[in-house]
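Read the structure below first, then the notes.
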Number of protein chains: 2
Amino acid sequence: MKRQADGRKARGEKRRTEIIEATLRVIERDGVAGVTHRTVATEAGIPTTSTTYHFATLDDLLVATLIDCARDMATEVYWMIDRARSHGRGRGAEEIAKLLAEALGPKRGRTMAEYELYLLAARKPELRPAARRWLDVLTSMVRHDDEVAFRVFLAGIDGLLIQGLIDDEPPGEEELRPVVDYLLNPR
Amino acid sequence: MKRQADGRKARGEKRRTEIIEATLRVIERDGVAGVTHRTVATEAGIPTTSTTYHFATLDDLLVATLIDCARDMATEVYWMIDRARSHGRGRGAEEIAKLLAEALGPKRGRTMAEYELYLLAARKPELRPAARRWLDVLTSMVRHDDEVAFRVFLAGIDGLLIQGLIDDEPPGEEELRPVVDYLLNPR
DNA sequence: CCAATAGTGGGACGAATGTTCAGGTATCTT
DNA sequence: AAGATACCTGAACATTCGTCCCACTATTGG
């Protein structure tokens, strides 16, 4: 079961991912501020020393979590755009608005966690490549005839999510749709 | 010098603002994570107990700082838009791009601090009115003939700032200008 | 089969944290 | 002027933090 010499699927790999997933749950619940070796260990149901063994410092743990998180973000947003493009010109906005409303509704905790890690990357340069990953993936994958319009689109999505996070009641799909539509096809 | 019975300019008001300003400096330097009663006290050059006296809990301190910060943000962004509007249709983008580049360059620390407090408001409902303040101020002050276009504009500004924070070298004014221009006058 | 090594876990250390308390000082009210 | 009130501060509390150490087990390579 172990990949030797090249792969990274060593023995302790399962524990590592357990710890990372527990870290993400802690961030969703209590924010980055709530991440300590002990809280993560308790969340994962493992002794405290196990977290310090696999991640020497707390920063290492946050870095690994962000990288893991960024991969999920990139693929998810990629499929979002892909689905939006596969639909008609008018239906694209509908699809994106639905996923945005989801990110601000049921998956609100996850969205908050992602942006907290995002902002952490602003302070720690070694995190930036991981944080930029999903932007880079989209930029390279999605066909964008207009460079400027595409940047505006990405910035708009980010802004809508962040502003939606501080709403008392998150904007619903129907409220988001016209805005997303304008973002895709400005008049 | 003291407003009695109604006003709030009591004696200890100076200390309060000193503490809040010190808190903002700490956040700019080390982030919200670096805010403790002791670090703030040291930054302000006052004993630790003075911070706990004026702000019983750490949350109170962060709330007060965010409210103070939000007021500055609102007025600054208001003048930004005002200056942009006073110029010609084409010069408006130039003005806004300059201020954005400034926020991502020399005032980068301040911008980071603002967004960290912003995200803190997503987790603490009592902070949201303060965090929304500058959005509300703009929405009420700035004439917006197109509601949807205005929301997209605000979201776009937020997105550009956040994405600029995780760039290794912040985008310059000339790089921002076409994007802001598109945001104001989409084609 | 048997050393060598990676992984696991209990316990404890010093340092830093939020918070409290009692005693002091300045300022205001009357 | 004198009492009341708000303000200030040094010292200390229990708690929690990151981290280290040492013993134990399972897995691996030869």
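All chains are named by letter (A, B, ...) in the order of the sequence lines, taking the proteins before the strands, and each is independently numbered beginning at 1. Bear in mind that the values here come from a model prediction, so they are computed numbers and not experimental data.
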* Tell me which nucleotide among D:dA12, D:dG18, C:dT8 gets nearest to the side chain of B:Arg38. => D:dA12

* **Among D:dT19, C:dG18, D:dC17, the nucleotide that comes nearest once only the side chain of B:Thr36 is considered** => C:dG18

* Per A:Arg15 side chain, nearest of listed nucleotides D:dT19, C:dT8, C:dG18 -> C:dT8

* To do: Consider the side chain of B:His54, meaning its heavy atoms from C-beta on, and name the nucleotide among D:dC17, D:dC8, D:dT19 that approaches it most closely.
  => D:dC8

* Among D:dC17, C:dG10, C:dC21, find the nucleotide with the atom closest to the side chain of A:Thr49. => C:dG10

* Asked: How many Å lie between NE2 on A:His37 and P on C:dG9, as a whole number?
  -> 16 Å

* Structure fact -> Between CG of A:Leu62 and C1' of D:dC17 the distance, given in whole Å, is 15 Å

* Protein-nucleotide distance (B:Leu61, atom CG; C:dT17, atom C1'), rounded to Å -> 15 Å

* Nucleotide of C:dG10, C:dT19, C:dT17 approaching A:Pro47 most closely (side-chain heavy atoms) -> C:dG10

* When you get a sec, tell me which of D:dT19, C:dG9, D:dC7 is the closest nucleotide to the side chain of B:Tyr53? => D:dC7

* Asked: Can you tell me how far P of C:dA6 sits from NZ of A:Lys14, to the nearest Å?
  -> 19 Å

* Asked: So, are B:Glu114 and B:Arg110 salt-bridged, with charged N and O less than 4.0 Å apart?
  -> yes

* Asked: How is A:Thr52 classified with respect to the nucleic acid when contacts are heavy atoms under 4.0 Å: base, sugar-phosphate, or nothing?
  -> base

* Distance only, no hydrogens: is a donor on one side chain within 3.5 Å (strictly under) of an acceptor on the other, for A:Tyr182 and B:Asp146? -> no

* Asked: Just by modelled atom types, is the B:Ala74 backbone N or O under 3.5 Å from a matching donor or acceptor in the B:Arg133 side chain?
  -> no

* **Check: A:Thr42/A:Thr39 side-chain N/O donor and acceptor closer than 3.5 Å** => no

* To do: Would you indicate what B:Ile46 reaches in the nucleic acid, counting non-hydrogen atoms under 4.0 angstrom: base, sugar-phosphate, or nothing?
  => nothing

